[in-house]
Amino acid sequence: MKTLRPLVLMVKRRLHHHPPPPPPQRSVGIIGAPFSKGQSRGGVERGPDLIRAAGLVQRLQEQGCAVKDYGNLSLEDAAAEEPLGELKSVRAVGSANRRLSDAVQAAKKDGHTSVMLGGDHSLAIGSIHGHTTAVGPLSVVWVDAHADINTPLTTYTGNFHGQPMSFLLHELRSYIPPLPNFSWVKPCVSARDLVYIGLRDVDPAEHHILKLLGVKAFSMSEVDQLGVARVMEETCDYLCTRVKKPIHLSYDIDAIDPSVTPATGTPVTGGLTYREGVYISEYLCQTGLLSGVDLVEVNPLRGQTEEAVQSTVNTAVSVLVSCLGRVREGNPVPADYRLPEP
């Protein structure tokens, strides 16, 4: 004990005279978007409540975030809707996204990092539109097994959760026909400001669009080859070489391998590991530019067991808390911390 005393006193002196500055408090605005009509499988509308029930707000508060939960938006329209050609639930999707856009704008104007809990991935239309309306041009990081960049003219299924990026990109404006309840949507993202991570199930038309527009994309093959650390370095170097814009992270839980997150509507084997999925969030958080987050496609009805559902939901919470300051090395030392007397 005597040999340790000088070291203990030195540490105590340093802590006393040079306390580390407290980390800046993050202010988080949570918006639940319980919407399922961008695709054909029921259950995904339960995602927001499940993620909250798994302790999201408490976890964020424990790591020093100020949290305002705006509750769930009223988005589902019970009225039956006939398809418009191949397109399903056009009016419902357009209306839900307009409400979500307004809600995200309000959260941003209140000074929060917006966190949208889906619901299906068609909701990215409203979330990103609202974000850009509030703060101006964004960079978008899209973490997903799928590119979701089909247009209404190329979609194979007619489901809007496979199309949201096409409505948001300036370069695809001429490929979007007029649709009921969509006149409010204005393209707001440049192809140069978009990066995909985790792709492994991309339609032929989407391949063509990505190549035509020169979109930066890291497939799972490239994640395997480069490693996730280099993928994130290259992503942020690419997005920040010109002007550092706020970053919007749109995260589909099916980006992660279904061995970890099976309770989702369109699982594809060969995805990100849990550690890779969380690392992406941690890295973007550390840039200081992360301004809005979507977490979508958690569907409890697609899990075969309660354990499968819980694994999916808990992973979603881990991704979100990592976006907002959690570090796996442990929490920072509080400014008033003192070692106990030996």
Side-chain angles (χ1 to χ4, degrees), residues 30-52 70-104 114-131 142 144-168 176-186 201 203 206 250-254 263-267 294-303 309 312-313 316:
I30 298 174
I31 301 165
F35 185 75
S36 65
K37 291 191 175 180
Q39 46 84 68
S40 58
R41 295 183 171 100
V44 72
E45 72 280 359
R46 293 172 55 190
D49 288 341
L50 286 173
I51 293 170
R52 288 189 181 96
Y70 290 83
N72 287 347
L73 300 175
S74 178
L75 299 178
E76 293 283 9
D77 186 350
E81 183 178 342
E82 290 295 319
L84 184 61
E86 295 293 324
L87 302 176
K88 302 171 184 175
S89 303
V90 176
R91 290 175 177 81
V93 172
S95 175
N97 275 289
R98 185 166 194 171
R99 292 180 208 171
L100 177 57
S101 175
D102 291 343
V104 171
S114 61
V115 174
M116 185 274 283
L117 308 178
D120 69 62
H121 216 165
S122 70
L123 294 161
I125 298 171
S127 182
I128 294 175
H129 179 276
H131 194 176
W142 195 278
D144 201 326
H146 312 89
D148 295 347
I149 201 171
N150 268 306
T151 74
L153 306 178
T154 65
T155 175
Y156 292 93
T157 66
N159 292 325
F160 276 89
H161 77 159
Q163 304 175 54
M165 265 323 301
S166 71
F167 286 85
L168 297 166
I176 306 299
L179 296 173
N181 289 358
F182 275 84
S183 61
W184 61 275
V185 180
K186 308 300 180 189
D201 185 12
D203 292 337
E206 293 180 305
S250 201
Y251 205 121
D252 189 321
I253 202 66
D254 74 21
T264 188
T266 51
D294 309 326
L295 196 293
V296 298
E297 300 284 359
V298 172
N299 188 335
L301 299 187
R302 306 303 296 176
V309 174
T312 306
V313 173

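The first residue in the sequence is number 1, and the count goes up from there. The structure displayed is predicted, hence computed values, not measured ones.
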Rounded to the nearest 0.5 Å, how far apart are [atom1] of [X] and [atom2] of [Y]?
| X | Y | atom1 | atom2 | answer |
| --- | --- | --- | --- | --- |
| Leu168 | His129 | CG | NE2 | 8.5 Å |
| Asp144 | Ile149 | CG | CD1 | 11.5 Å |
| Ile51 | Leu295 | CD1 | CG | 4.5 Å |
| Arg98 | Leu75 | CZ | CG | 14.0 Å |
| Asn150 | Asp203 | CG | CG | 5.0 Å |

If every non-hydrogen atom of [X] is compared with every non-hydrogen atom of [Y], which pair is closest and at what distance?
| X | Y | answer |
| --- | --- | --- |
| Thr151 | Ser166 | CA-OG, 3.7 Å |
| Ala124 | Asn97 | N-OD1, 4.3 Å |
| Asp120 | Ser36 | OD2-C, 3.1 Å |
| Pro48 | Gly32 | CB-CA, 4.0 Å |
| Gly42 | Leu301 | O-CD1, 3.6 Å |

After noting the C-alpha distance and the side-chain angles of Val93 and Phe167, does the key distance pass the side-chain contact (heavy atoms from CB on, under 4.5 Å) rule? CA-CA 12 Å; Val93 172; Phe167 286 85; over 6 Å; no

Is Arg91 atom CZ crowded by more than 12 heavy atoms from other residues, nucleotides or ligands, each under 6.0 Å away?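 Atom CZ in Arg91 is not packed in, count stays at 12 or less.
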
Exceeds 12 heavy-atom contacts within 6.0 angstrom, atom CD of Glu86: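 No.
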
Any ion pair linking Asp49 and Arg46 (charged N to carboxylate O, less than 4.0 Å)?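 No.
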
Using the six-membered ring wherever Trp is involved, compare the ring planes of Phe182 and Phe160 and label them parallel, tilted or perpendicular (cut-offs 30° and 60°).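 Phe182 and Phe160: parallel rings.
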
If you measure only the distance, is there a donor-acceptor pair under 3.5 Å linking the side chains of Ser127 and Asp294?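 There is such a pair between these side chains.
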
Between the side chains of Asp254 and Thr266, is a donor N or O closer than 3.5 angstrom to an acceptor N or O?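 Indeed, the side chains of Asp254 and Thr266 share at least one donor-acceptor pair under 3.5 Å.
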
Heavy-atom side-chain contact between Trp142 and Pro164 under 4.5 Å: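 Heavy-atom side-chain distance check passes, below 4.5 Å.
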
side-chain hydrogen bond (donor to acceptor under 3.5 Å, both in side chains), paired with Glu297, selected from His121, His161, Arg302: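 One option only clears the test, and that one is His161.
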
